[in-house]
Amino acid sequence: MLPDKYGKFDGFGGKFVPETLMVALQELEREYKKALKSTKFKQELGELLEVYAGRPTPLYFARNLSKQTGGCRIYLKREDLLHTGAHKINNTLGQVLLAVKMGKSRIIAETGAGQHGVATATAAAMFGLPCDVYMGIEDIGRQALNVFKMKLLGARVIPVYSGSKTLKDATNEAIRDWVTNVRTTHYIIGSVVGPHPYPAMVRDFQTVIGKETKKQILKYEGRLPDYMVACVGGGSNSIGFFHEFFKSKVKFIGVEAGGLGLASGKHGAALCKGKPGILHGSKSYLLQDKNGQVTVAHSISAGLDYPGVGPEHSYYKETGRAQYVAVTDKESLEGFKMLSEIEGIIPALEPSHAIYYAVKKLAPKLKKNKIIAICLSGRGDKDIDIIKGLS
Amino acid sequence: MNRLDRKFNELKQKRKKAFVAFIMAGDPSLGTTKKLILELEKSGADIIELGVPFSDPLADGPTIQRSSERALKHKVNIDSVSNLVRNVRSETDVPIVFLTYYNLIYHYGLDKFVKKATSSGVDGVIIPDLPPEESKDLQRIARKNKFSLIHLAAPTSSRERLRKISDASTGFIYYVSLTGTTGARNKLPKEISGSLRRLKRVTKKPVCVGFGISTPNQVRSISKSADGVIVGSAIIKVIERNIGKKDLVKKVGRFVQCLALDRPVQG
């Protein structure tokens, strides 16, 4: 099972970090492996996920949506119903619990849309740990609600003014903080990115999504879905959704941020348009210019506005295990409106990309007996101001 | 033996310590960088560390981040900085090593990079985000081309890791004085000399200390227990303050003189 002992997914991943962090990564890997095997840890986390976060989340058969697309059966995995409004809490509860076991007295995180920041601040508040969240000044502007929430939860939101002033630079700044305070601080990365063991660890904390989906779909349909569709920024909801089905024949489709269109150069589609490179501690597909300088991503959804992607997705791409496509800002808004109007569910802009692709591009080509499962990774409250601004 | 090894041998014979000066290529312009290299050598720098700017310098503090941003505005890249070194080689034999992040080298191609650098007169490279576990391919290519690959050691490195770092390094070992990013500090950790002794027990290779060093006193005191000291952000600050002024190069020279010269001879 990947990653190998070097943290590589067939060449992707690894540990490309300053030496100062190597010992901390080794410690984290040790503790996380111990936790994976510990019944007590699993019990504690399982209980938190159930009574605090609200798991299991429903797998909802979207009857209206299915009817409208001509009959193939569409299911939504309702991660939007979780505490704090997205799948991010699955990971932050797991990591805060680990941090406590490692005796760390402070938590830091980076955030783009603010969902991971809120989920981290929430878990830190519950465990009584101080929490600093790095956030690009651009994102602070467009995600004011989440900034306010983090503050309410007792976290400090530290604005980042360098570079693109978004998630990429917030991550740089969080790593710089970690290098400085590595002895006392645990850094909670919000996606399946970063140096080993983060991509594997965050995946393992997110596989609960896929594990539940499997049980639920078997119960409702007596078989696995034909297609699973999820949005991909860093790629944690999608890996968490897909991983349990890795050995099955289910077709995986990862939907990246097409921004203003792939031809415009203004997008966040690292897998569709990038090349392998090294950013934030791992080797993976990366948006970069002809000299290897990392380029600025663009997406209407702050959560997909990232020039890199998790290394396991690069592995899925290279081996053909998953197919990666892109949906533009405009199309994602269409997905957003459609789900709100037809199903009475207001999705976040990130999974709106997956919804658009599944409903408009995939379903019309399929026969009636096919099943599509979409990961609805978060709810749309945080995006209401953006939508209001557009209309 | 390349210029770097020769320099350390020569300093050892003279019982002197190396002063390594860092500047960012292209800050404020490649033309000025050339003048600065010559001025730094004249002012007492034994080795020049030349930054090739990267968009995401995650081991660097605000001073070098700003310097990278200024340099990137001129679209400085591996080719243009290598060509600059080739150009300056007609005037100086001072050892020059690159400092850059791994993506630029990976993107350029490891083999092509080492060939381009060596043929341009660059003596080695320091890559802050490339630990020995990930540098095996580059180690092989570098050895074949007598190009030094300098790894970093940190206060948090275990004895086992220090050994690994020493085995992987050629030229010298870069000891990071503190847990943190680059940038001038008023105070440096007290345990540096103890940590250096720990490192010296596992290696015979030269050890230079960097991060945070900015005053003549700090240079003097660290020189006692290391083979060299590296100063970066403090020099960049002088450059930053004098951008657009005619005597920028001279001012940087004078500052480096204060740091580099009149260091006591050590055994």
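Keep in mind that the numbers below use all heavy atoms, side chains included, and drop hydrogens, waters and symmetry copies.
Only the backbone of A:Val17 has a heavy atom closer than 4.5 Å to any heavy atom of chain B.
Counting heavy atoms from C-beta on, the side chains of B:Gln65 and A:Arg176 come closer than 4.5 Å. B:Leu178 places none of its side-chain heavy atoms less than 4.5 Å from the side chain of A:Thr180. Considering only heavy atoms from C-beta on, A:Pro18 stays 4.5 Å or farther from B:Leu152 through its side chain.
For the pair A:Gln293 (side chain) and B:Ser55 (backbone), a donor-acceptor distance under 3.5 Å is present. Checking side-chain atoms of B:Thr156 against main-chain N and O of A:Thr20 turns up a donor-acceptor pair under 3.5 Å.
Between A:Asn291 and B:His107, the shortest heavy-atom distance links the atoms C-CD2, 3.7 Å. The minimum heavy-atom distance linking B:Glu134 with A:Phe16 is given by the pair OE1-CZ, 3.4 Å. Between B:Phe54 and A:Ile278 the shortest heavy-atom distance is CZ-O, 4.5 Å. Across all their heavy atoms, A:Gly163 and B:Glu69 have their closest contact at N-OE2, 3.5 Å.
Heavy-atom pairs under 4.5 Å with chain B were tallied for A:Ala24, A:Gly277, A:Gly281; the largest tally goes to A:Gly277. Comparing A:Lys275, A:Glu173, A:Lys168 by heavy-atom pairs within less than 4.5 Å of chain B, the highest count is held by A:Lys168.
Here the CD atom belonging to B:Glu133 is positioned 3.5 Å from the CE atom belonging to A:Met22, to the nearest 0.5 angstrom.
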